[in-house]
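Each ligand, and each atom within it, is numbered from 1 in the order the structure gives. Just so you know, these numbers use all the heavy atoms, side chains as well, and skip hydrogens, waters and symmetry mates.
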Amino acid sequence: MTKTMNYSGKKKNLILILLLLPTLLFAAKKEMIVIIDPGHGGKDVGALHGSIYEKDVVLNIGLKLGKYINEQLPDVKVVYTRNTDVFVPLHQRAAIANKHKADLFISLHANYCGTPSITGTETFILGLHRSQENLDVAKKENSVILFEEDHSERYEGFDPNSSESYIMFEFIQDEFLRQSAQFADQVQDQFRTRIGRNDRGVKQAGFLVLRQTGMPSVLIESGFLSNSTEAKYLDSRNGQDYIASAIFRAFSDYKKGFDSKSGFNIDEKAETEVKAEERTEIEEKTSPEVKTEVVPPPAISQTAQTPKEQDTYFSLQLAATLKDIKTIPANFKGLSGISSRKVGNVFKYYIGKETKYEKIEALKKEVCKKYPDAFIVAFRNGQQITVKDALKFLENK
Ligand SMILES: [Zn+2]
């Protein structure tokens with residue numbers, strides 16, 4: 001009897017191990033998912049040189065790149081945002097990547113500029129442009145949203161052609177910037193050393209499609225259609241083969257880093273999820289009480305007013321800028337319930353409205369993870385007062 005029980009106990013253990021095995025293997029080595037995003041498509045031809053369209057060039061490069069990955073790296077899953085000549089809205093491209101919880105997003109484009117002699121490749125990562133030239137590329141690529149009927153609601157009034165719209169990228173905190181920059185470097189490296197392209201470097205600019213993806217992401221400008229020699233190269237089978245294989249080699253190198261740091265990507269995802277949770281917590285704490293519209297400038301005369309308790313409160317100042325920035329979450333590292341106030345020539349941005357000092361301190365702890373320099377301020381009847389005065393008033397009420 002005991003023997004049978006032992007046997008069945010062992011059997012149960014064995015079954016348990018067998019059941020757990022796939023999970024254990026999965027935890028040890030995760031399948032890598034890469035998104036290949038050929039820009040433009042359908043009614044949106046992108047840049048062009050005569051009858052050579054950007055949408056066709058980048059689709060061909062993308063399909064070749066996907067083919068190389070499928071053939072040579074069987075443990076990588078390739079997902080296309082489009083693999084035919086169709087129009088795909090920008091937000092949908094990012095949504096596809098996010099839905100698949102992809103590990104890398106590669107957007108493929110070809111460049112155009114007013115100076116036909118300019119040639120070469122550049123790879124962009126998300127950030128604030130450092131030159132007019134980089135801003136122009138972002139404007140050109142972001143303009144595709146104008147093909148979308150509901151673009152003004154969908155992208156919260158973002159005007160791709162207005163330089164002011166791009167100020168928000170100053171506030172962008174991209175958790176994946178380091179990895180994006182690493183891959184971008186590898187791409188440019190391959191372009192320069194293996195296929196002899198003019199290397200225009202890794203650059204930063206405000207691309208909407210990169211902003212909306214929650215993973216390392218790059219946008220590759222594979223050459224200038226405004227230069228006739230390069231346009232012919234981009235349109236040729238050989239040229240497309242070379243470009244795709246250069247990106248493939250860069251990807252293969254990048255993947256080695258992904259594989260060797262076993263689990264580091266998984267950890268990072270978990271960390272992102274925690275951050276998202278914190279974000280909701282902050283939103284819940286603050287959004288019902290804080291108005292998002294601009295607070296009118298304080299009244300000049302306060303003498304006739306009798307102060308009320310609810311008119312005295314603490315808040316957190318996050319930032320100050322010279323230009324008025326929309327108080328949408330995208331501009332404030334995902335935080336909502338931001339209010340702004342114009343003080344002299346400066347716009348100041350706040351979060352939280354608490355009458356208990358402990359509560360504002362707790363909020364500060366959370367917010368400081370995103371804004372390490374956030375500090376507590378106090379208001380009474382619309383006027384900023386010292387925190388000390390606010391404490392005194394609230395205690396003596
Ligand atoms: Zn493009």
Side-chain angles (χ1 to χ4, degrees), residues 35-66 80-94 96-97 105-116 118-127 129 132-148 151 155 158-161 165-166 169 180 184 187-188 191 197 200-213 217-227 230-231 233-235 239-240 243-244 246-247:
I35 306 289
I36 298 178
D37 173 48
H40 314 276
K43 61 184 171 185
D44 169 19
V45 301
L48 58 100
H49 183 97
S51 59
I52 305 170
Y53 296 152
E54 178 185 358
K55 66 167 184 175
D56 299 327
V57 169
V58 296
L59 178 60
N60 289 340
I61 295 171
L63 292 175
K64 281 173 199 277
L65 172 62
Y80 295 98
T81 55
R82 70 177 180 99
N83 55 10
T84 55
D85 183 18
V86 288
F87 177 76
V88 183
L90 218 54
H91 62 90
Q92 243 175 55
R93 296 170 189 265
I96 291 168
F105 182 87
I106 307 173
S107 195
L108 299 168
H109 290 262
N111 226 332
Y112 188 93
C113 80
T115 316
I118 290 178
T119 61
T121 68
E122 47 200 28
T123 300
F124 282 91
I125 58 175
L126 190 63
H129 54 275
Q132 182 63 38
E133 213 177 44
N134 296 352
L135 173 62
D136 289 344
V137 179
K139 278 183 177 177
K140 176 176 70 75
E141 300 296 5
N142 288 334
S143 293
V144 298
I145 65 168
L146 302 177
F147 284 96
E148 300 174 34
H151 67 87
Y155 303 96
F158 183 89
D159 176 1
N161 294 314
S165 296
Y166 290 81
F169 289 99
S180 305
V187 170
Q188 285 302 121
F191 279 154
R197 302 292 303 281
R200 291 173 55 84
V202 173
K203 299 175 173 186
Q204 279 186 293
F207 292 91
L208 287 175
V209 72
L210 300 186
R211 194 192 80 172
Q212 295 184 330
T213 52
S217 55
V218 301
L219 187 144
I220 300 171
E221 292 285 358
S222 52
F224 282 83
L225 283 171
S226 39
N227 177 278
E230 209 155 72
Y233 176 81
L234 287 167
D235 189 40
Q240 291 167 0
I243 293 167
I247 302 170

side-chain hydrogen bond (donor to acceptor under 3.5 Å, both in side chains) for Gln188 and Thr121? Distances and angles first, verdict last.
CA-CA 7 Å; Gln188 285 302 121; Thr121 68; 3.2 Å; yes
From CA spacing to verdict: side-chain hydrogen bond (donor to acceptor under 3.5 Å, both in side chains), Glu122, Asn111
CA-CA 9 Å; Glu122 47 200 28; Asn111 226 332; 2.9 Å; yes
Go through it in stages, so that I can follow the logic: the residues are His40 and Glu141, the test is side-chain hydrogen bond (donor to acceptor under 3.5 Å, both in side chains), and I'd like the CA-CA distance, side-chain angles, deciding distance and then a yes or no.
CA-CA 9 Å; His40 314 276; Glu141 300 296 5; 3.0 Å; yes
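Taking 2.8 Å as the limit, the number of protein N, O or S atoms around the Zn ion (ligand 1) is 5.
Remark: aromatic rings of Phe224 and Tyr233 are distant, center separation not under 6.0 Å.
Of the possible polar contacts, one joining the Tyr155 side chain to the His91 backbone as a donor-acceptor pair under 3.5 Å is found.
Within the 4.5 Å cutoff, no side-chain heavy atoms of Pro116 are placed close to those of Asn227.
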